[in-house]
Amino acid sequence: MKSFDQGLARVARGLAMLTTLLLLSTAASAQYLQTTMIATETPGDGADTLVVLVPAGTAQVSLPGWNQATIDQVNRALAARDFDGSARQQVEVLAPAGLTADRLIAVGIGDPAQLARHVAEEMGAALAVHINGSKAAVIEANTRLITDPARNAAIAAAVAHGIELRNYRFDQLKSSPEPRPSQLYRWIVQSQTQAEQQYAMLNAVAQGVFTARELTNLPGGDGHPAAFAEYARAQLAPLGVEVTILGPDQVEAAGMGSLLGVSKGSQHKAHLLVAHWRGSSDAPIALVGKGNTFDTGGYDLKTTASILQMQGDKAGGAAVVGALKALAAQQVPINVVGIVPLSQNAISGEAVLPGDVLTAGDGTTIEVTSTDAEGRLILADGIWYARDRFAPRVIVDIATLTGAKTTALGSELSAVFSEHDELVATMRQAGELTNERVWQLPLGPYPGIIDSRIADIRNTGSPGAQAGAIFLQHFARDTPWLHIDMAGQALLSSASGIHPAGGTGHGVRLLTEWVKIYAAR
Ligand code: BES
Ligand code: MN
Ligand code: ZN
């Protein structure tokens, strides 16, 4: 454990070492952020804002370099606000005596041994909101009061991660985006090495979340199938992910008539994105995401304001791309293939008609009883393609699939469906860790739920979320499979916690952690 004295000894070695600090992340890695995070064991100069993470039960808040006047003023101000170090408390002290900083923000963290990762992330998000409301440019965040080096590193990294996640902006379509002041966060930690390691892992996840938010936020006209696929390629290929994009002719040649059918009414025809991270030579884990880049409903047209949210119908596909990005950036030794069927559900003289019959890649004939149940149509071929071409050991699909899911569970929980208890249990574990929580719904007993009189199956049934899941199960056949319905979780109308308004990137953190939990079990 690096002691405080060792830290002071480093200070004595002078300014030279400051230049050797590893840059943890910079604006270059995230287009819309100008936040720089560095970790060091030695406090520096020039901070206008001090942040102190305070465990519950800290009798008196005090740090090296503070004189008695500082200690007295800070602790008096904290007492006046009833600050006791409970998690999520935040108290600002302006013009602290004896310090050059303009402000000091004490952040309660409760018991460091008990602090959940997602609570630390949310504290970071709240801190970012507070700091962005001031002119802070150099922030020194002191975590020294968390003495255990492993907890210290994990908490510092998670708080920094929460700041990054909240600071994302989608402003590429503004003619003159609001300027984003650059901020340097200098984290004073117990172990620079451990903090950097922890932060590097979470920063990889943040980059994946940003990619997914970016894809989700693109309006239908900009984020059509080819544009989605090319953006994904540009994000993934430099990390060593093998990216293959099947265009409409290849989708047709492969026989994926279900995927093809959904885009027939759009000038933007169907594509299929395949992103393969060969982190090991085991059979791959397949992640299949719904990439319906806009959902008008087709001839079963959406006639309410909900249509204005339907650029978010590619969020499942965006989550798969984001998870692949995070896993590749973390260089995980796991074989993972991401598959995103891409469509635009629109209307024209060529669009699928209600009642038409499509033939899927596996030969199944499907009566289209609703053109608005398009997600399962494109996923059917995505799941089949994963099974047929990659023989995966497991398939997880994720989709903004049904309004019925939102009615049942709202937007705080995703629905999961699987007959494999181990898949449900590991997904639940990943959900608790990331706070992207899941709730299991049943796959039966619903005899005849998607039976068709004229074709093999039809694409609607009741109850609605279950019918969607049972439809997809048909295409997974014997491969262990789990379906995630994340309808209602793609977009936020206003900022909340770690999320700014707009695309959430929901599913990236869940899938990234799940892949690692599942592979390690
Ligand atoms: N993309 C929608 C589901 C959705 C609804 C996502 C609300 C996000 C918010 C999906 O394609 C859809 O339209 N589902 C229909 C299916 C029905 C026609 C069987 C639905 O749930 O209404
Ligand atoms: Mn639809
Ligand atoms: Zn849809």
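Counting convention: from 1, in listed order, for ligands and their atoms alike.
- Because its NZ or CZ atom is not both nearer than 6.0 Å to the ring centre of F210 and within 45° of the ring axis, R213 does not count as a cation-pi partner of that residue.
- Looking at E374 and K290, a side-chain N of the basic residue comes within less than 4.0 Å of a carboxylate O on the acidic one, giving a salt bridge.
- Looking only at protein heavy atoms, the nearest one to atom 17 (C) of ligand 1 is A373 CB, 4.5 Å.
- Note: W481 and H483 have parallel aromatic rings, judged against thresholds of 30 and 60 degrees for the angle between ring planes.
- Ion pair D451/R458 not flagged as a salt bridge, since none of the NZ, NE, NH1 or NH2 atoms sits closer than 4.0 Å to an Asp/Glu carboxylate oxygen.
- Here the heavy atom of the protein found nearest to atom 7 (C) of ligand 1 is M310 CE, 3.8 Å.
- If you look at Q489 next to ligand 1, there are no close heavy atoms at all, none under 4.0 Å.
- The 12-atom threshold is not exceeded at CD of E350, counting heavy atoms of other residues, nucleotides or ligands nearer than 6.0 Å.
- For the Mn ion (ligand 2), the count of nearby protein N/O/S atoms, taking only those under 2.8 Å, is 4.
- The existence of a salt bridge linking D362 and R477 is confirmed by a sub-4.0 Å separation between a basic side-chain nitrogen and an acidic carboxylate oxygen.
- For atom 14 (N) of ligand 1, the nearest protein heavy atom (residue, atom name, distance) is L401 O, 3.4 Å.
- Near E374, the atoms of ligand 1 lying under 4.0 angstrom from a non-hydrogen atom of the residue are 11 (O).
- Residue contact annotation: K405 has no non-hydrogen atom under 4.0 Å from ligand 1.
- We find that E412 and R437 are not joined by a salt bridge, their nearest charged nitrogen and carboxylate oxygen being 4.0 Å or further apart.
- Relative orientation of the F390 and H276 rings is perpendicular, given thresholds of 30° and 60° on the angle between their planes.
- With hydrogens and angles left out, the side-chain atoms of E214 and Y168 include a donor and acceptor closer than 3.5 Å.
- In terms of heavy-atom proximity, S370 sits nearest to D300 at CA-OD2, 3.3 Å.
- If you look at D295 next to ligand 1, the close heavy atoms, those under 4.0 Å, all belong to the side chain.
- Distances from the Zn ion (ligand 3) under 2.8 Å pick out these protein N/O/S atoms: K290 NZ, D295 OD2, D313 OD2, E374 OE2.
- Of the charged side-chain nitrogens involved, at least one lies within less than 4.0 Å of a carboxylate oxygen, so that R509 and E436 count as a salt-bridged pair.
- Heavy atoms of Q309 found under 4.0 angstrom from ligand 1: none, in either backbone or side chain.
- Side chains of E122 and N435: a donor-acceptor N/O pair is present below 3.5 angstrom, by distance only.
- For S343 and N292, the side-chain atoms include at least one donor-acceptor pair closer than 3.5 Å.
- Looking at T365 and T359, their side chains never bring a donor and an acceptor atom within 3.5 Å of each other.
- Looking only at atom types and distance, the side chain of K325 has no donor-acceptor partner in the side chain of Q330 under 3.5 Å away.
- Close N/O approach between D313 and ligand 1 is found [any backbone or side-chain N/O within under 3.5 Å].
- Judged by distance alone, the side chains of E164 and Y199 do bring a donor and an acceptor atom under 3.5 Å apart.
- Remark: minimum distance from atom 21 (O) of ligand 1 to any protein heavy atom is reached at G403 N, 2.6 Å.
- Among all non-hydrogen protein atoms, the one lying nearest atom 12 (C) of ligand 1 is D372 O, 3.2 Å.
- Near K302, with a cut-off below 4.0 Å to any heavy atom, the atoms of ligand 1 are 12 (C), 13 (O).
- For the residue pair S263/K269, the side-chain donor-acceptor check at 3.5 Å is not satisfied.
- Closest to atom 18 (C) of ligand 1, if we only count protein heavy atoms, is S370 OG, 3.4 Å.
- Residue contacts with ligand 1 do not include G464, since none of its heavy atoms lies under 4.0 Å from the ligand.
- With respect to atom 19 (C) of ligand 1, the closest heavy atom belonging to the protein is T460 CG2, 3.7 Å.
- Residue K290 has at least one nitrogen or oxygen atom sitting less than 3.5 Å from a nitrogen or oxygen atom of ligand 1, judged on distance alone.
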